[in-house]
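Worksheet: the structure to be examined is printed underneath.
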Amino acid sequence: MNLPKTADVIVVGSGITGAATAAAAAARGANVVLLEKEVGPAREGSGRAQGSLRVQGRHAAEFPLAQEALQLWTEAAEEGDFEMVTGGNLYFRTSEKELPVLQGLVKEAHKSGLTNVRLLDAEQTREIMPCATGPFLGAMWSPIDAQCQPEKGTAHFVGRAQRNGAHVAFGVKVTRLLESCGRISGVETTEGRIQAGAVVVAAGVWTPHLVATVGLKVPIMPVVMSELETEELKPLFAQTIRAFGFGARQRPNGKVVVSAGLNAKVAHGISLADFNGLRYWLPRGMSFRENLKVSLDVPRILQQIRHLSTFSTALVPQESPEPKCDRPLVRDSLDRLSNVIPAIRGARATRYWGGLVDMTPDGLPIIDGGAGPLGLTIITGLAGHGLALGPVLGEIASDLSLDAHTHRALESFRLARYTDGPIHRPAMMI
Ligand SMILES: Cc1cc2nc3c(=O)[nH]c(=O)nc-3n(C[C@H](O)[C@H](O)[C@H](O)COP(=O)(O)OP(=O)(O)OC[C@H]3O[C@@H](n4cnc5c(N)ncnc54)[C@H](O)[C@@H]3O)c2cc1C
């Protein structure tokens with residue numbers, strides 16, 4: 001493979017974060033190399049997402065990033081088609097006990113300037129979504145949220161990176177970060193070494209393995225989220241839906257993508273790696289035990305024993321196997337969705353899939369340009385809502401790599417927060 005020997009910026013991972021980073025840094029004239037272990041872009045988290053580009057319903061620290069990211073997604077949609085629709089987002093409420101959660105989310109949104117987020121009764125909701133003729137109590141409405149087809153959206157940013165002059169290489173696994181005198185000096189890959197003064201690790205759930213090669217500990221728990229897609233249905237709704245136990249969006253081709261929604265149940269295979277972060281995960285696992293389905297990942301444990309390591313990059317698969325979808329969970333979500341939108345009842349599921357997400361102990365991402373050797377930027381821990389943030393994360397990583405500074409507030413996302421003081425417990429599992 002004809003890989004460049006040097007670059008200004010090396011980006012690891014062609015998910016939305018890496019793709020947007022390569023596009024942004026190359027747009028500024030930097031010599032960029034984007035390296036991806038899989039045979040194409042968006043084969044992990046980014047290609048398996050539901051596709052909701054949600055601004056509200058987040059931690060306050062994420063609001064400014066989500067707003068800027070939505071603007072960047074909107075601008076990108078003018079350059080190419082990735083099924084971008086700005087239809088707003090509805091959080092359905094089907095029981096009284098869900099009301100305080102939604103009231104809390106509205107309050108948070110208003111504090112951050114999202115004053116168009118509001119609570120609706122059932123009648124007002126039906127004015128926005130006439131097909132919601134089933135029983136429910138009301139909804140939280142945000143008119144600015146959007147959606148897109150995640151693989152196409154990510155591929156769009158990879159294409160933009162290439163058009164801006166970045167060198168994009170698939171099938172190349174980065175096996176080690178190289179460091180010299182406290183500065184990053186490049187990477188070692190399955191195809192040889194590349195030198196660079198700036199490296200961005202946007203490697204999703206595999207980030208802890210790669211940054212461990214320069215001595216950094218990043219607490220990530222990989223968990224599987226599940227989705228299904230129905231056959232093509234007549235056009236019913238243009239909003240994204242998020243609710244307790246179900247979430248959905250309808251693609252322009254009529255297919256409805258269904259997830260388990262707010263506070264979904266996720267699956268985790270326990271391995272020896274879990275003992276490294278027991279102090280983070282035990283409290284979180286206990287308080288969200290209803291939402292966590294655990295099993296013993298025996299093949300992974302055997303691999304870890306064979307390599308005498310839990311974070312060696314030898315444990316990072318060159319081509320990741322398909323994570324197991326929890327079909328009963330998403331079928332149940334389709335059922336719940338059909339209660340609210342009866343026109344969907346009986347729709348045949350034509351595709352099921354699962355995807356790994358990088359969960360952090362406090363539910364906030366890790367976005368840090370100062371945690372390791374100079375020139376290293378890490379972006380991970382985006383959990384179930386990182387697709388929406390992707391384009392702004394690219395701008396941030398590009399700024400940190402080329403200027404060692406960004407004007408966005410990143411204090412809440414520093415890696416050191418896990419060692420500095422008490423860890424904030426998130427309100428939801430995912
Ligand atoms: C089922 C599901 C539904 C979701 N729904 C939504 C949604 O509706 N809205 C939303 O905003 N978010 C959603 N998400 C979350 C979102 O998909 C992720 O937060 C986001 O895609 C993360 O992007 P990323 O680029 O950081 O990581 P990824 O997309 O995981 O990309 C990381 C890339 O790095 C590569 N890589 C790793 N290690 C190496 C290495 N050593 N060398 C070379 N390459 C490497 C991987 O192969 C991968 O391609 C969902 C996720 C899942 C799984």
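These figures come from a predicted structure and were not determined experimentally. Whatever order the structure lists ligands and atoms in, that order sets their numbers, starting from 1.
Between E395 and R28 there is no salt bridge, since none of the side-chain N atoms of the basic residue sits less than 4.0 Å from a carboxylate O of the acidic one.
Legend: side chain to side chain donor-acceptor pair (under 3.5 Å) pairs involving residues 10-27, not counting sequence neighbours, sorted by first then second residue: S14-E36.
Each of V316, D358, I220 was compared with W206 under the side-chain contact (heavy atoms from CB on, under 4.5 Å) criterion, and only V316 meets it. F413 pairs with exactly one of T360, I366, L364 by the side-chain contact (heavy atoms from CB on, under 4.5 Å) rule, that one being L364.
Using cut-offs of 30° and 60° for the angle between ring planes, the F82 and H156 rings count as tilted.
Side-chain contact between E98 and F92: absent, with no pair of heavy atoms (C-beta onward) separated by less than 4.5 Å.
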For ligand 1, which of its N or O atoms have a protein N or O partner closer than 3.5 Å, and how long is each gap?
unit_1   : atom_1 : unit_2 : atom_2 : d
ligand 1 : 5 (N)  : Q50    : N      : 2.9
ligand 1 : 8 (O)  : G51    : N      : 3.1
ligand 1 : 8 (O)  : S52    : N      : 2.9
ligand 1 : 9 (N)  : S52    : O      : 2.8
ligand 1 : 11 (O) : S52    : O      : 3.4
ligand 1 : 11 (O) : H385   : O      : 3.3
ligand 1 : 11 (O) : L387   : N      : 3.0
ligand 1 : 11 (O) : A388   : N      : 2.8
ligand 1 : 12 (N) : G384   : O      : 3.2
ligand 1 : 12 (N) : G386   : N      : 3.3
ligand 1 : 12 (N) : L387   : N      : 3.3
ligand 1 : 14 (N) : G384   : O      : 3.4
ligand 1 : 17 (O) : G45    : O      : 3.1
ligand 1 : 19 (O) : A383   : O      : 3.1
ligand 1 : 19 (O) : G386   : N      : 3.0
ligand 1 : 21 (O) : S46    : N      : 3.2
ligand 1 : 21 (O) : S46    : OG     : 2.8
ligand 1 : 23 (O) : S46    : OG     : 3.1
ligand 1 : 25 (O) : I16    : N      : 3.2
ligand 1 : 25 (O) : T17    : N      : 3.0
ligand 1 : 25 (O) : T17    : OG1    : 3.3
ligand 1 : 26 (O) : T17    : OG1    : 2.9
ligand 1 : 29 (O) : S46    : N      : 2.8
ligand 1 : 29 (O) : S46    : OG     : 2.6
ligand 1 : 30 (O) : G45    : N      : 3.1
ligand 1 : 41 (N) : V174   : O      : 3.0
ligand 1 : 42 (N) : V174   : N      : 2.9
ligand 1 : 44 (N) : K37    : N      : 3.1
ligand 1 : 47 (O) : E36    : OE2    : 2.6
ligand 1 : 47 (O) : E44    : OE2    : 3.3
ligand 1 : 49 (O) : E36    : OE1    : 2.6
ligand 1 : 49 (O) : E36    : OE2    : 3.2

